[in-house]
Participant: 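Here it is, the structure, as structure tokens.
In this text the structure is predicted, and so the values were computed from the model without any measurement.
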Amino acid sequence: MSWILILALAAIVFFNRYVFLEPNVPLKIPGIINKALKYSAPCLLTAICGPIILMDHGVVRSFPLNPYFVAAIFSIIISLVIRNIVSAVLLSLAIFYGITYFLQ
């Protein structure tokens, strides 16, 4: 029974992606929705990373010694300066591990 649900979900996801990726499908998105979709990735990333940075097992992390918060600030600054995704991610990870090593 679960394989039927998995196949149904896979078909739904495929057709949702297919409509947006296939150039022959005449789909016109209004301009305001197109502008709003540009901000969906940063909003989703913030929703995922926010609780990881600010919480630890349901308790708010202390801010002066929070390596996640300090590394997030450095990551924002690095990504604004470098503007290269791979380099920014690698340098941000190195800074995060360095901060966690020195703070613990």
Participant: Give a yes or no on this: more than 12 heavy atoms of other residues, nucleotides or ligands lie within 6.0 Å of atom CD1 of Ile85.
Facilitator: no
Participant: Output the distance between atom OG (Ser92) and atom CD1 (Ile73), rounded to the nearest 0.5 Å.
Facilitator: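 Output value for this atom pair is 11.5 Å.
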Participant: Just to verify, what does Tyr97 make a ring pair (Phe, Tyr, Trp, His ring centres under 6.0 Å) with, not counting sequence neighbours?
Facilitator: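 Listed in chain order: nothing, the list is empty.
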Participant: Answer yes or no: does atom CG of Leu80 have more than 12 heavy-atom neighbours from other residues, nucleotides or ligands under 6.0 Å?
Facilitator: yes
Participant: With ILVMFWY side chains joined below 4.5 Å, transitively, what does Leu45's cluster contain besides itself?
Facilitator: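 Listed partners: none, Leu45 stands alone.
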Participant: Under the ring pair (Phe, Tyr, Trp, His ring centres under 6.0 Å) rule, collect the residues that match up with Phe63, sequence neighbours excluded.
Facilitator: Phe69
Participant: Residues two or more places apart in sequence or in another chain: which of them pass ring pair (Phe, Tyr, Trp, His ring centres under 6.0 Å) with Tyr101?
Facilitator: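 For Tyr101, no residue satisfies ring pair (Phe, Tyr, Trp, His ring centres under 6.0 Å) once neighbours in sequence are set aside.
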Participant: In the single-linkage hydrophobic clustering (I, L, V, M, F, W, Y; side-chain heavy atoms under 4.5 Å), do Leu93 and Ile52 co-cluster?
Facilitator: yes
Participant: So which residues get pulled into Ile12's cluster when ILVMFWY side chains under 4.5 Å apart are joined, directly or through others?
Facilitator: none
Participant: What is the minimum heavy-atom distance between Pro67 and Phe96, and which atoms define it?
Facilitator: O-CD1, 3.9 Å
Participant: Look at the side-chain heavy atoms of Ile, Leu, Val, Met, Phe, Trp and Tyr, link any pair under 4.5 Å apart, and say whether Phe74 and Val89 land in one connected group.
Facilitator: no
Participant: Do the non-hydrogen side-chain atoms of Leu5 and Leu9 ever get within less than 4.5 Å of each other?
Facilitator: no
Participant: Rounded to the nearest 0.5 Å, how far does CG of Leu91 lie from OG of Ser75?
Facilitator: 8.5 Å
Participant: Side-chain heavy atoms under 4.5 angstrom apart, residues restricted to Ile, Leu, Val, Met, Phe, Trp, Tyr: same cluster for Tyr68 and Ile76?
Facilitator: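 Different clusters.
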Participant: Holding to side-chain contact (heavy atoms from CB on, under 4.5 Å), I want the full list of residues that pass it with Ala88, two or more places apart in sequence or in another chain.
Facilitator: Ile78, Ser79
Participant: So, using side-chain contact (heavy atoms from CB on, under 4.5 Å) as the criterion, who are the partners of Leu90 when residues are at least two apart?
Facilitator: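 By the side-chain contact (heavy atoms from CB on, under 4.5 Å) rule, Leu90 matches Val86.
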Participant: Which residue pairs satisfy the side-chain hydrogen bond (donor to acceptor under 3.5 Å, both in side chains) criterion with at least one member in residues 40-67, sequence neighbours excluded?
Facilitator: none
Participant: If you take all heavy atoms of Ile53 and Ala72, which pair is closest and at what distance?
Facilitator: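 Ile53 and Ala72 have their closest heavy atoms at CD1-CB, 3.6 Å.
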